[in-house]
Amino acid sequence: MTLAITNSSIFECETGNYHTFCPISCVSWLYQKIEDSFFLVIGTKTCGYFLQNAMGVMIFAEPRYAMAELEEGDISAQLNDYEELKRLCLQIKKDRKPGVIFWIGTCTTEIIKMDLEGIGPQLEADIQIPIIVARANGLDYAFTQGEDTVLAAMAHRCPNTIQCSKQSKYNTKRLIIFGSLPETVVKQLNHELQQQNIHVTGWLPCSRYSELPVIQSGDYVIGVNPFLSRTATTLMRRRKAKLISAPFPIGPDGTKAWIYKICNVFNITPKGLEQREKTIWNNLEQYLQLIQGKSVFFMGDNLLEISLARFLIRCGMIVYEIGIPYMDKRYQSAEIQLLTDTCKKMKVNMPKIVEKPDNYNQLDRIRDLQPDLVITGMAHANPLEARGINTKWSVEFTFAQIHGFTNAQDILELITKPLRRNTSIHNGDNIYIKS
Ligand code: SF4
């Protein structure tokens, strides 16, 4: 580890008084990704209200998640937790026939010290259905870290022996990628690696619980998202896998670095990677013209901030501040190094990285700096717009397809939308790029 990591002056830590989604929100994308799953959030009405509102229209589509709402009797330990959960899980088993049930622990189960990890295995044996416990509560984690807790719990369940030994025609080293991405993006990244003669052994998670990838000691693992540090640690410590530390495949620069790092570990000389990156940059030219020289401020709420900021700096933007809920300097070391290199290349100052930001202080700084764009949550978006500052909802980056070469355009589509919209309102014209 060099330079950037030791340069502590770019890192700051504030009070943690900031807006973000509760990590239980991860059920909304994970239930769609793992098609035979059911998520049971064990919490209070507060959690239920949050899910119901944050998930919007999804709640009308018979989602495979539900709340186990705790009552007075549960909290004062008058009811038997085991019997109550058994009753609910049997009902879920009968009505929805899932392949796995996830129990999502919340703030309340933490505070009343409900022993979910203790009850889970007993009940699993009793009702004959896998039960995975993940503590995705708002006391310890922010937004996307919810997925991290679920994947870390799933990592324990990956089988460690190969049933039917399928020999790869590409190479003998095994590569498992972790991070939940839509199937189309999974296919795109698999294809990019196949172009380099690298066969992806499996993904954690995959679309069915029964198809979890085999993870053996010595297998290589790599993450696609910056918020998966617990999963990475679990895979290394518990499953004895080798972590490939690389920048994340967000933006053409990040994707190239990600593939390059894998090739490096697999002793493969990358083919046509430089040209592939160049073509993507050329295709982005129209967007780049719109954002070059413009300034951006990340308030920070989803942990994708460093990768996005690095990509935007490479696009020619000036980043004033990168707010981030939690910063794992080890897991993100390659990404921070790429950020440092990108700043040098683009001849701009390294932005300040503010962990656990204080939104109140940030608004003060925004007022002084007057950035061209603020990437923020919904709580501050409209008030800032009313004060003449362009904003982009940060949550959209979590749900949009932003990984790999082909989706770089979608990131810039999101970034430039408020700028294009506000310019067109002022000029009275329409300058939409994408039809
Ligand atoms: S922060 Fe805690 S109480 Fe609030 S919704 Fe999340 S888990 Fe529930």
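In each ligand, atom 1 is the first atom listed, and ligand 1 is the first ligand listed. By convention here, the first residue in the shown sequence is residue 1.
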**Item:** Short side-chain to backbone donor-acceptor contact, Gln401 and Pro182, under 3.5 Å
**Value:** no

**Request:** Anything protein N/O/S under 2.8 Å from atom 2 (Fe) of ligand 1? Just list residue and atom, please.
**Result:** Cys107 SG

**Asked** Can Asn225 and Glu147 be counted as having a side-chain donor-acceptor contact under 3.5 angstrom?
**Response** no

**Prompt:** Do other residues, nucleotides or ligands put more than 12 heavy atoms under 6.0 Å from Tyr82 OH?
**Reply:** yes

**Item:** Ring centroid separation Phe311 to Phe248 under 6.0 Å
**Value:** no

**Prompt:** Ring centres of Phe227 and Tyr326 under 6.0 Å apart?
**Reply:** no

**Request:** In sequence, state the C-alpha distance, the side-chain angles, and the governing distance for Leu70 and Ile42, and then conclude on side chain to side chain contact (heavy atoms under 4.5 Å, CB included).
**Result:** CA-CA 7 Å; Leu70 298 165; Ile42 305 164; 4.0 Å; yes

